[in-house]
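In what follows, chains are A, B, ... by sequence order, proteins preceding strands, each numbered from 1.
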There are 2 protein chains.
Amino acid sequence: MASLNKADVDEQVASLLREKGHRYSNTRRMLVRVLLTAGKPLTNNQIVESDNSLAQSSVYRNLNVLEEVGAVTRIVTNNEFSRYELADEITEHHHHIICTSCGDITDFSLPSKLEKSLNQSLRTAASKVRFTIDQHRFDGLGTCVACQ
Amino acid sequence: MASLNKADVDEQVASLLREKGHRYSNTRRMLVRVLLTAGKPLTNNQIVESDNSLAQSSVYRNLNVLEEVGAVTRIVTNNEFSRYELADEITEHHHHIICTSCGDITDFSLPSKLEKSLNQSLRTAASKVRFTIDQHRFDGLGTCVACQ
DNA sequence: CTTCCTGCAAAAGTTTTGCATTAAC
DNA sequence: GTTAATGCAAAACTTTTGCAGGAAG
């Protein structure tokens, strides 16, 4: 499990950015801080609302850059807003339980044995259709306690 | 495994629609036929292009109705088009390998033992955060042979 | 000092909606 | 005959982009 210490996270993100010739600007630092403290995936709007010094377009642009360098992951459910969270490599590999009514998401993990079986089955299936697999997602879809 | 016979599928869809006071109109019959023969998830555009007697808005509207009654499932990957396929209850439960470059999707299945373990882990996790689970999705994300 | 980043407003792209007409039952 | 479905065009909504000014290194 990777560290969730703010300084360590900053260093990891800075390194990912610099490797690809990007800067770790103020806006990007703020995005990382917001996502880290939230502890769950946030929409662009939720991020903008959490700190109104952030411009909508800059948030979109920077989340895209952060996704490109592998620092954040985009999660889509419906055709509503995308949600963003810090990437697995920075936090730890996990899965989501998604409320199909309000879009709220919480995290959970699978036993590592099960995780390994999943990966193996997936790789076998992928090789049959000649796909290269980068990652997987296993999500539970349902209704949160507030929406029931 | 449910039947993939056209007549049976029609009857199932008709029944799902009528239960909720909807009609099995010509357009809806065509959508079901297109999805059935495609054998893989299609975008709205792909459906419209496959039969130009279909209006864009009617396809969207009817896919939404069919999703509401549980006859089709919507799949989203990026922020591009949604894709639709006949629901698990009509075909059979399965998973997807998705090309993150072109959006193409192929199906695969997991051993039922693994499927059961997954469901159990998911239900345990869900009850802790008081979510009600309706379904799950397990997708492999990667690159298809054409995009490599 | 050069290059990248920001913020605003405008554009793009997918999906939804209003309304008059047509089809389903 | 009544109610729901269709098709067109216009609107809505999320996300992207152009451009002039500002920050990072």
Side-chain angles (χ1 to χ4, degrees), chain A residues 10-11 13-34 41-69 71-84 100 102-103, chain B residues 10-11 13-34 41-69 71-84 100 102-103:
Chain A
D10 268 342
E11 197 167 329
V13 174
S15 158
L16 286 167
L17 283 166
R18 295 216 178 88
E19 271 173 33
K20 304 228 174 155
H22 297 288
R23 297 172 183 171
Y24 196 15
S25 70
N26 238 313
T27 309
R28 290 173 190 164
R29 281 171 203 279
M30 287 170 101
L31 292 181
V32 169
R33 183 172 47 70
V34 171
L42 298 179
T43 64
N44 198 292
N45 275 332
Q46 289 175 321
I47 295 171
V48 171
E49 279 163 19
S50 82
D51 188 328
N52 58 7
S53 73
L54 294 168
Q56 192 80 258
S57 64
S58 295
V59 175
Y60 274 115
R61 235 183 310 229
N62 284 308
L63 287 172
N64 279 340
V65 172
L66 290 169
E67 190 188 20
E68 254 172 50
V69 304
V72 310
T73 305
R74 176 194 299 221
I75 305 161
V76 280
T77 331
N78 309 322
N79 274 44
E80 44 156 28
F81 309 88
S82 298
R83 280 161 204 268
Y84 294 85
T100 51
C102 69
Chain B
D10 268 342
E11 197 167 330
V13 174
S15 156
L16 286 168
L17 283 166
R18 296 216 178 88
E19 271 172 33
K20 304 228 175 153
H22 296 289
R23 297 169 184 174
Y24 196 17
S25 70
N26 239 311
T27 309
R28 291 176 189 162
R29 281 172 203 278
M30 288 169 100
L31 292 181
V32 168
R33 183 171 49 68
V34 171
L42 298 179
T43 64
N44 198 291
N45 275 333
Q46 289 175 321
I47 295 172
V48 171
E49 279 162 19
S50 82
D51 188 330
N52 57 8
S53 72
L54 293 168
Q56 191 80 259
S57 65
S58 295
V59 174
Y60 273 117
R61 235 184 307 230
N62 284 308
L63 287 172
N64 278 340
V65 171
L66 289 169
E67 191 189 18
E68 253 172 49
V69 305
V72 310
T73 305
R74 176 194 299 221
I75 305 161
V76 281
T77 331
N78 308 322
N79 274 45
E80 44 155 29
F81 310 88
S82 297
R83 280 161 203 268
Y84 294 85
T100 51
C102 69

>> Testing A:H22, A:E68, A:R23 one by one against A:L17 for a side chain to side chain contact (heavy atoms under 4.5 Å, CB included), which residue passes?
In response: A:H22
>> If I take atom CE in residue A:M30 and atom P in nucleotide D:dA24, what distance separates them, rounded to the nearest angstrom?
In response: 12 Å
> How many Å lie between CG on B:N52 and P on D:dC8, as a whole number?
Replying inline: 11 Å
> Is B:R18 positioned over the aromatic face of B:Y24, cation under 6.0 angstrom from the ring centre and no more than 45 degrees off axis?
Replying inline: no
>> Using whole Å, what does the distance between atom C1' of nucleotide D:dA4 and atom CZ of B:R28 come to?
In response: 8 Å
> Rounded to the Å, how far apart are A:Y24 OH and C:dT3 P?
Replying inline: 25 Å
>> B:R83: which residues meet the side chain to side chain donor-acceptor pair (under 3.5 Å) condition with it, sequence neighbours left out?
In response: none
> Atom CG in B:N44, atom CG in B:L63: separation rounded to 0.5 Å?
Replying inline: 6.0 Å
> How close or far is atom P of C:dC5 from atom CG of A:L54, stated in whole angstroms?
Replying inline: 16 Å
> Does a side-chain N or O from B:H22 land closer than 4.0 Å to OP1 or OP2 of D:dA4, or not?
Replying inline: no
>> Tell me whether B:R28 contacts the main-chain N or O of B:N62 through its side chain, where contact means a donor paired with an acceptor under 3.5 Å.
In response: no
>> Using a heavy-atom cut-off of 4.0 Å across all strands, would you classify A:T43 as base, sugar-phosphate, or nothing?
In response: nothing
> Rounded to whole angstroms, how far apart are CZ on A:R18 and P on C:dC5?
Replying inline: 12 Å
> How would nucleotides 13-23 of chain C be written as a contact map, 5' to 3', with B for base contact, S for sugar-phosphate-only contact and - for no contact, using protein heavy atoms under 4.0 Å?
Replying inline: -SBBBB----B
> What do you reckon, is CD of A:Q56 surrounded by more than 12 foreign heavy atoms closer than 6.0 Å?
Replying inline: yes
> Below 4.0 angstrom from OP1 or OP2 of D:dA23, is there any side-chain N or O of A:S25?
Replying inline: no
> A:I47 CD1 to D:dT14 P: how many Å, rounded?
Replying inline: 15 Å
> Could you give all pairs that pass the salt bridge (charged side-chain N to carboxylate O under 4.0 Å, His left out) test and reach residues 46-67 of chain A, with sequence neighbours left out?
Replying inline: A:E67-A:R74
> How many Å lie between CD on A:E68 and C1' on C:dC4, as a whole number?
Replying inline: 14 Å
